[in-house]
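Counting starts at 1 for both ligands and their atoms, following the listed order. Heavy atoms only: backbone and side chains are in, while hydrogens, waters and symmetry mates are out. Please read these numbers as outputs of a predicted model, since none were measured by experiment.
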Amino acid sequence: MPPPITGVIQDLERVLLTPEQISARVAAMAARLNAELAGKVVTVVALMDGGLFFVADLLRRLEMPVRLHTLSASSYQGGTATTGEVKVNWPASFDLRGQDVLLLDDILDTGLTLSAIIERLLVQQPASLRTCVLLSKRRQRLREVALHDAGFEIDDEFVVGYGMDYQGRFRNLPCIGILNPGQPSS
Ligand code: 5GP
Ligand code: MG
C-alpha cells in the first residue's frame with residue numbers, strides 16, 4: 001500500500017501526474033530500453049537528487065546487467081540569471097570508453113545541465129549514449145539536448161514530488177504536482 005499523501009498534498013495547487021501514471025510510463029520506458037539494449041551491459045549515469053525515484057523505479061525494471069554511477073549537478077547562479085556554468089562532482093576514476101551509457105535525469109528545462117554533462121561524457125567515447133528524462137518542459141531551450149526518450153512533456157511550470165524539491169521539501173510526494181501560488185517557485 002502506498003503511503004497516504006494527505007499532509008503535504010494540501011500544499012499542492014493540483015496533481016499533474018499520479019503515482020499510477022508515473023509508474024505506467026516508467027514501465028514503458030524500461031520496456032523500450034530492454035528491447036534496444038538486450039544483451040548489453042548498461043552503464044547508468046544518474047543525476048541526483050531529483051532523479052532519485054525515477055532512477056530507482058526505472059532500474060528495477062531493466063533486465064540487462066547494469067552499472068550505476070551517480071552525479072550531482074548544480075548551476076552557478078550569478079545574480080538573478082544563471083551563468084550557464086554547471087558544477088558537477090565528477091568521480092576521480094570515471095572511464096566510460098566503449099560502454100553503453102544511459103544518462104538519466106528528472107527534468108529537462110533550459111538544457112544547460114544535461115548539455116554540459118553530455119559534452120563531458122562524449123569526450124570519453126562511450127560506445128553509445130542515450131539520454132532519458134522523466135519530464136521535458138515545453139519551452140525554448142538555452143542549449144539543445146538530443147533526448148532518447150522523455151516520460152512526459154509538461155508545460156513550463158515548477159513541479160515538485162517524486163524526487164523533485166522546492167527548497168528541500170516535497171521530494172517524498174509519490175505524485176508530481178504544482179505548488180500553491182503562495183509558495184514562489186524561484
Ligand atoms: P536545466 O539545466 O535543464 O535548466 O535544469 C535542469 C534541472 O533543474 C533539473 O534536473 C532539476 O533539478 C531542476 N529543475 C528544473 N525545473 C524544475 C522544476 O520544475 N521543479 C524542480 N523541482 N526542479 C526543476
Ligand atoms: Mg536535476
Side-chain angles (χ1 to χ4, degrees), residues 5 7-19 21-22 25-26 29 44-59 68-91 94 101-122 129-186:
I5 51 179
V8 274
I9 202 96
Q10 70 214 19
D11 292 322
L12 293 185
E13 181 188 282
R14 66 181 195 280
V15 172
L16 196 63
L17 296 164
T18 65
Q21 286 174 305
I22 299 167
R25 186 67 189 107
V26 170
M29 294 174 83
V44 173
V45 177
L47 299 195
M48 294 291 123
D49 296 319
L52 177 66
F53 295 176
F54 172 50
V55 171
D57 286 346
L58 186 83
L59 258 62
L68 175 64
H69 298 286
T70 57
L71 297 178
S72 297
S74 55
S75 299
Y76 284 117
Q77 300 292 318
T80 52
T82 173
T83 59
E85 209 179 330
V86 177
K87 190 183 167 196
V88 182
N89 68 329
W90 295 99
F94 194 58
V101 175
L102 176 61
L103 174 61
L104 300 177
D105 196 11
D106 52 359
I107 306 188
L108 176 62
D109 186 16
T110 65
L112 289 174
T113 308
L114 278 173
S115 63
I117 287 171
I118 289 167
E119 200 175 302
R120 279 286 298 270
L121 295 182
L122 288 176
L129 174 63
R130 288 171 172 77
T131 303
C132 295
V133 295
L134 180 64
L135 306 175
S136 170
K137 285 194 184 173
R138 285 186 209 98
R139 57 160 290 167
Q140 204 180 347
R141 308 262 182 253
L142 298 178
R143 296 267 192 293
E144 280 309 319
V145 172
L147 286 181
H148 180 68
D149 206 358
F152 302 91
E153 292 240 323
I154 62 168
D155 289 338
D156 188 7
E157 296 180 288
F158 193 84
V159 297
V160 294
Y162 194 67
M164 291 168 282
D165 75 314
Y166 170 63
Q167 296 188 346
R169 288 184 61 207
F170 307 107
R171 287 196 200 277
N172 56 321
L173 279 177
C175 61
I176 293 172
I178 309 292
L179 284 179
N180 277 324
Q183 318 210 29
S185 61
S186 54

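Under a 4.0 Å heavy-atom criterion, Asp105 is in contact with ligand 1. At least one heavy atom of Phe158 sits under 4.0 Å from some atom of ligand 1.
Residue, atom and distance of the protein heavy atom nearest to atom 6 (C) of ligand 1 are Ile107 O, 3.6 Å. In terms of protein heavy-atom proximity, atom 16 (N) of ligand 1 is closest to Lys137 NZ, 3.2 Å.
Atom 13 (C) of ligand 1 lies below 4.0 Å from none of the non-hydrogen atoms of the protein. Within the 4.0 Å cut-off (strictly below), a protein heavy atom is located near atom 19 (O) of ligand 1.
Using a cut-off of 4.0 Å between Lys/Arg side-chain N and Asp/Glu carboxylate O, Asp149 and Arg25 are scored as salt-bridged.
When each of Leu173, Leu52, Val26 is checked for a side-chain contact (heavy atoms from CB on, under 4.5 Å) with Tyr162, only Val26 meets the rule.
Counting only N and O atoms by type, the side chains of Asp11 and Tyr166 include no donor and acceptor under 3.5 Å apart.
The aromatic rings of Trp90 and Phe94 lie tilted to each other, with the angle between the two planes from 30° to 60°.
Closest heavy-atom approach to atom 9 (C) of ligand 1 among the candidates Asp165, Asp106, Ile154: Asp106.
In terms of modelled atom types and a separation under 3.5 Å, the side chain of Arg130 and the main chain of Leu103 share no donor-acceptor contact. Distance alone, capped at 3.5 Å, places no donor-acceptor pair between the Arg143 side chain and the Leu114 backbone.
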